[in-house]
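Beneath this line is the structure, given in structure tokens, with notes to follow.
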Amino acid sequence: MEKHTHDILIIGAGLAGLRAAVAATEISNNLDIAVISKLHPLRSHSVCAQGGTGAVMREKDSFDLHAFDTVKGADYLADQDAVEFFVKNSPKEIVLTEHWGCPWSRTPDGKIDQRPFGGHTFPRACFAADMTGFHEMHALYGKATSYSNVKFYDEWFATSIIVENNTAVGLTAIEMKTGKMQAFQTKAIIMATGGHERIYEFTTFSHTTTGDGMAMAYYAGAPLMDMEFVQFHPTGLVPSGVLITEGARGEGGFLLNSKGERFMKNYAAEKMELAPRDVISRAEQAEILDGRGLEGPYGPYIALDLRHLGEEKINERLPLIRDVAIKLGGVDPVKEYIPIRPAAHYSMGGIRTNMKTETPIKGLYAAGECACISVHGANRLGTNSTAECLVFGAVAGEEAAKHASNSSFHEISQQTVLAEEKRVFDEILGNEGDERSPVIRDEMRRIMNTKVWIFRKGDELENALKEIRQLKQRFKKMKVEDKSRPFNGGLLDALQLGFMLDLAEVTTLSALARTESRGAHSRRDYPKRDDEHWLKHTLAYQTKDDPRLEYIPVTITKWPPAARTY
Ligand SMILES: Cc1cc2nc3c(=O)[nH]c(=O)nc-3n(C[C@H](O)[C@H](O)[C@H](O)COP(=O)(O)OP(=O)(O)OC[C@H]3O[C@@H](n4cnc5c(N)ncnc54)[C@H](O)[C@@H]3O)c2cc1C
């Protein structure tokens, strides 16, 4: 087996991974840095980010206000020291990406424009029309590829990270073109592998967001934090789930039920359509459950009405949304309302890190959506994710570079690498069982969509956990039909399914244990927030048996928990 050696390995080439690469090389251009990505970098989900990146850019706004909005949005589960650091460093990132070529939309007098977003008390979303992530990614990719000491391994699929004596020493990856597994030796690894939304059926996320990095870190002994908190976005296009940006409501869009009522007046009278996502998704789901959804061929839905904005504004501010609605929804938002319903949209949980993005494993860092620092607590505000990827991607790059500059390589045990080869090629590709991965995958997604969805209940969660564990057993008897090596999509699907089943288990178990309602986690049987018992983070560790849960306190600096109304 071939072995590659690099000072720093970054897994993932989305916003967090690319930002980390740029930051690391700016610490030292003597470092040899590699970015490994199962997709071409510009196919990472970050390219899909639409509405904007949150930052304080005006004198009337303030860091305290952005921090407070974030903490309140998080239903007080965010670590406030991390939030304060985040809001202070976000504006710098807007300016840097501007210098690297991101064409931010402008006000008539030439300033970077900002639009309102849910839960923010000030228009704080810097945007590049409704293709913010696309432009940020192109700017960052251009910057990252300009350094001769950053090497890209595009279309390489990482299968495991190698940890010895609680230190990250390398990883294994399949070169998709040849289907060969190769080993990588390193001094530092940055996980930047994105979220795990694809454990759900109805989601705004790309097919490739399967939580691989979270699972790999979990297997290597790092804890996953707050996995029960999955965000549901209020406006997933029916029937595909493709996102209609919150920017559509930021620009003035209305939500209507079957009676033509702006029902948000009954749920968040002040903020209406610009309440945080958890509040609106629950309101929509409640309207649907109470029989006030509109009837369509794909089940009940809610109407997003942009008609009153007019064609000119829609074309200028929301051109992608118009295009998506016409092509994928069959409706022109200038003349018709858009059929939407809540869709799984963000993993608040992830690999636990401290503010330096360090995990409890030496030399292992995590940033972006796969990480949990925790800035978003129980519910993320729109625009704060791309901002977090930039701010903490930079921190991860800097910290990993400092660590790599002062440490040496460790040998990778041949045995570990051979065992991984055996797992992937003998036990998974070589398996001749009678189960098929798409069948198990669809079953998992159906369970998550029905029993671990917006409203949850103890007995349903227990049921879901039991069924997911049965699927894990069936997974062991699975057969990949195509036995060839080059570009074996069936094998990669199977590997991703293995990761997702474990993440679905942790998500469900963490949700079952948390007997309260907070942010995006809403228990019908425990409808109230319970600060006395549950103002704490969940940690999940892998064991030989079921996952083990532990709890750690939330860091409160300035804002003690208070009632959350909008
Ligand atoms: C439609 C949509 C719109 C959004 N709009 C906004 C917005 O307006 N504002 C906002 O703040 N947030 C938005 N978000 C959320 C935000 O875009 C994401 O949370 C963020 O971009 C995640 O970036 P990331 O770098 O962590 O991961 P990703 O961009 O998801 O990148 C993950 C990377 O990891 C790589 N990878 C994964 N597994 C492996 C493996 N096994 N081996 C090798 N490589 C691997 C992938 O190839 C990829 O390069 C939106 C999300 C969606 C889906």
Side-chain angles (χ1 to χ4, degrees), residues 9-20 35-55 90 115 117 124-128 130-134 136-137 140-141 152-161 171-176 190-198 203-206 208-216 231 233 235-237 241-247 250 277 320-321 324 343-348 350-351 366-371 375-376 380-390 392-393 396 492 495-496 498-499:
L9 297 176
I10 300 171
I11 317 183
L15 275 177
L18 292 179
R19 184 67 188 89
V35 182
I36 298 175
S37 176
K38 67 181 176 181
L39 306 165
H40 182 277
L42 295 177
R43 296 184 66 84
S44 304
H45 188 79
S46 290
V47 172
C48 307
Q50 298 176 348
T53 297
S90 180
R115 59 161 60 119
F117 245 72
R124 201 171 275 142
C126 304
F127 57 97
D130 54 1
M131 293 173 69
T132 305
F134 176 92
E136 287 175 327
M137 282 290 288
L140 269 170
Y141 187 55
F152 280 84
Y153 289 85
D154 295 345
E155 301 193 328
W156 283 64
F157 186 100
T159 67
S160 74
I161 51 178
L171 59 82
T172 53
I174 298 172
E175 183 187 23
M176 286 155 67
I190 301 175
M191 307 302 277
T193 44
H196 75 317
E197 291 80 2
R198 279 281 155 187
T203 169
T204 60
F205 265 76
S206 312
T208 49
T209 46
T210 46
D212 310 4
M214 294 179 186
M216 284 187 262
Q231 175 161 82
H233 193 292
T235 52
L237 180 66
V242 168
L243 183 75
I244 302 297
T245 175
E246 186 165 313
R277 293 173 177 171
L320 175 70
I321 291 313
V324 163
H345 180 67
Y346 188 77
S347 319
M348 265 77 74
I351 306 162
E369 198 175 333
C370 70
V375 166
H376 312 300
R380 169 175 79 86
L381 292 189
T383 78
N384 274 358
S385 170
T386 47
E388 184 208 359
C389 287
L390 295 172
F392 287 101
L492 301 184
L495 292 170
Q496 292 176 158
F499 294 145

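First listed ligand is number 1; within each ligand, the first listed atom is number 1. Just so it is clear, the model here is predicted, and its values are computed rather than measured.
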Under 3.5 Å, is there a donor on one side chain and an acceptor on the other for Thr204 and His233? no
Sole residue of Tyr153, Tyr141, Phe152 in ring-ring contact (aromatic ring centres under 6.0 Å, His included) with His40: Tyr141
Are Ser46 and Glu136 close enough that a side-chain donor and a side-chain acceptor fall under 3.5 Å? no
Are a donor atom and an acceptor atom from the side chains of Ser44 and Lys38 found within less than 3.5 Å of each other? no
Sorted by chain and residue number, the residues with a non-hydrogen atom under 4.0 Å of ligand 1 are Ile11, Gly12, Ala13, Gly14, Leu15, Ala16, Ile36, Ser37, Lys38, Leu39, Ser44, His45, Ser46, Cys48, Ala49, Gln50, Gly51, Gly52, Trp156, Phe157, Ala158, Ala192, Thr193, Gly194, Thr204, Phe205, Asp212, Met216, Leu243, His345, Tyr346, Gly368, Glu369, Arg380, Thr383, Asn384, Ser385, Thr386, Cys389
Does either side chain, that of Ser347 or that of His196, offer a donor lying less than 3.5 Å from an acceptor on the other one? yes
Would you check if the side chain of Glu197 reaches a backbone N or O of Phe205 as a donor-acceptor pair within less than 3.5 Å? no
